[in-house]
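Just so you know, ligand 1 is whichever comes first in the structure, and atom 1 is the first atom listed for that ligand.
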Amino acid sequence: MKKFAGTSVVILGAVAVIAAMVVSGAAASPAKKSAGIQVCGLMPDTKTSVRWEQFDKPALIKSFKAAGISARVVNAQGDPQKQKTQADQCIADGAKVLIIAPIDSGSAASIEKAALKKGVKSIDYDRQVEGGSAVLYASFNGHTVGVLQGKAVANALKGKKGAVVAELNGGQEDANAFLFKGGYDSILKPLYKSGALKAGPDQFVPGWDNQKAGTIFEQMLIKTGNKIDGVAAANDGIANAVVVALKAHQLDPIPLSGQDATTQGVQNIISGWQTMTVFKDVRKLASAAAKAAVAIVKGKTIPTTGVVHTKGRGIEKAYLIPPQSITKANYKLLFTSGFLKKGDVCNGDYTQYCK
Ligand code: BGC
């Protein structure tokens, strides 16, 4: 694998030289076609979750290699215009399939439609592209993710009648944020209704921005006079913003959900600051997306597990993978499955929790 400023390429056989030239910028004109690239993976950003760079990118590169396809994986750093430019470059370089994790549906839908006009097919990767034209949605079951999050927070507050639960949802630009919220609300709302729990402040975090999540949670603390007893937080980055705020105010740990099974999330779990995270084995997702891309390139049937309803376009074929809840009781499976390295989690201050 060669790396060029944020761009990773899998280069196979005779196309190596051409592909290397294209990626290094030697063949600058986007109009120039190269047979070097068959598929592109377009990742959204590096800041809303470490997953895109740390898990998805290497898993995709590995899967493309295993499938014998030449591919490139790039990251748009949260800039929709950049994602469009990256997509155009991929197509100019010969890509027949775009695997796209959108930043927002509007911009990604226009990428997909423009690609289709040139005979290039798209796969919605992890996030649905509303109004798009992808041939497959490859992801995890987002509703189940939210159910696992809601159950963990509710269980941890069992017997604490009227405990106040705040919700820190993902970004409204992302269809997933609504799937996750729908999942945890399906557990929490009946409990609010019965009086077992009390609905606290409930806010979306624009663009999944972890820093904004911290500011929003600080405001929630002020608004409630610190009376927040649990938080349904949509991912590990948002959960960590809660942990940082609680520590800053010398408040005790409270039931708190997360998602992505990140190193930091697991460190917060083992040290008692986060209740759970959701393990989405991105290696399975990357492999499914790569297999679908191969099927598209070869004109074969794409494997699916069912369909989803995607706003602005209706039924979309889907390949959905079940997510798994991770707590203090089972976090070690992340090491045995090779998803995380024990040495990354169990170091420094955290060594003491890794008995
Ligand atoms: C993904 C999550 C991720 C979040 C922020 C969601 O669409 O499903 O895994 O944490 O975006 O990047």
Side-chain angles (χ1 to χ4, degrees), residues 41-57 59-60 75-80 83 99-105 107-108 123-130 132 134 137-149 167-184 204-214 216 232-242 256-266 268 274 276-286 288-289 308 310-311 318-326 334 339-340:
L42 300 161
M43 299 296 104
D45 70 80
T46 55
K47 289 194 179 137
T48 65
S49 170
V50 295
R51 66 165 282 185
W52 308 111
E53 283 297 291
Q54 201 181 318
F55 305 141
D56 294 85
K57 187 169 170 175
L60 279 166
N75 190 306
Q77 319 275 1
D79 176 355
Q83 191 161 64
I99 295 177
I100 174 164
I103 297 164
D104 66 89
S105 281
S107 62
I123 296 172
D124 290 348
Y125 184 82
D126 197 86
R127 298 170 171 176
Q128 281 158 285
V129 174
E130 295 173 355
Y137 171 51
S139 190
F140 298 87
N141 189 317
H143 181 81
T144 309
V145 169
V147 167
L148 297 175
Q149 293 170 322
E167 296 187 13
L168 279 169
N169 315 305
Q172 272 176 298
E173 319 72 14
D174 176 5
N176 274 341
F178 295 91
L179 293 178
F180 305 149
K181 180 169 171 54
Y184 44 80
F204 286 87
V205 176
W208 288 91
D209 184 312
N210 294 182
Q211 244 153 5
K212 285 188 185 145
I216 293 171
N235 78 357
D236 283 357
I238 293 177
N240 191 61
V242 171
L256 173 65
S257 65
Q259 170 176 196
D260 289 342
T262 62
T263 299
Q264 188 176 57
V266 176
N268 281 335
Q274 190 175 322
M276 62 88 75
T277 185
V278 179
F279 175 32
K280 303 196 295 190
D281 195 338
V282 163
R283 296 168 300 185
K284 291 183 186 162
L285 176 61
V308 289
T310 302
K311 274 192 196 152
Y319 188 97
L320 296 186
I321 301 162
Q324 189 179 0
S325 174
I326 296 289
L334 297 170
F339 189 74
L340 291 182

Margin query: Taking the ring of Phe178 and the ring of Phe204, is the distance between their centroids below 6.0 Å?
Written below: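 Ring centroids of Phe204 and Phe178 are less than 6.0 Å from each other.
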Can you confirm whether the side chains of [X] and [Y] place a donor and an acceptor under 3.5 Å from each other?
X      : Y      : result
Ser49  : Asp260 : yes
Gln324 : Asp281 : no
Asn240 : Asn268 : yes

Check each atom of ligand 1 against the heavy atoms of [X] and keep those under 4.0 Å away; list them by number with element.
X      : answer
Arg127 : 4 (C), 5 (C), 6 (C), 7 (O), 11 (O), 12 (O)
Ser49  : 10 (O), 12 (O)
Lys280 : 1 (C), 2 (C), 8 (O), 9 (O)
Asp174 : 6 (C), 7 (O), 11 (O)

Note to self: Over 60° means perpendicular and under 30° means parallel, so tell me whether Phe339 and Phe55 are parallel, tilted or perpendicular.
What the structure shows: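 It falls in the tilted class, 30° to 60°.
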For [atom], the protein heavy atom that lies nearest, with its residue and separation:
atom                   : result
atom 5 (C) of ligand 1 : Thr48 OG1, 3.3 Å
atom 8 (O) of ligand 1 : Asp126 OD2, 2.6 Å
atom 3 (C) of ligand 1 : Asp260 OD2, 3.6 Å

Item checked: Distance (rounded to the nearest 0.5 Å) between Leu285 CG and Ile321 CD1 ->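 Those atoms lie 5.0 Å apart.
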Margin query: Please determine whether side-chain contact (heavy atoms from CB on, under 4.5 Å) holds for the pair Leu60 and Met43, giving the CA-CA distance in whole Å, both sets of side-chain angles, and the decisive distance to 0.1 Å.
Written below: CA-CA 10 Å; Leu60 279 166; Met43 299 296 104; 3.5 Å; yes
Note to self: Heavy-atom pairs closer than 4.0 Å: do any link ligand 1 to the side chain of Asp236, the backbone, both, or neither?
What the structure shows: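 Near ligand 1, Asp236 shows nothing, with every heavy atom at 4.0 Å or more.
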Note to self: Once you restrict to heavy atoms under 4.0 Å, what part of Phe180 touches ligand 1? Side chain, backbone, both or neither.
What the structure shows: side chain
Notebook entry, point to check: At the 4.0 Å heavy-atom cut-off, does Phe140 count as touching ligand 1?
Noted result: no
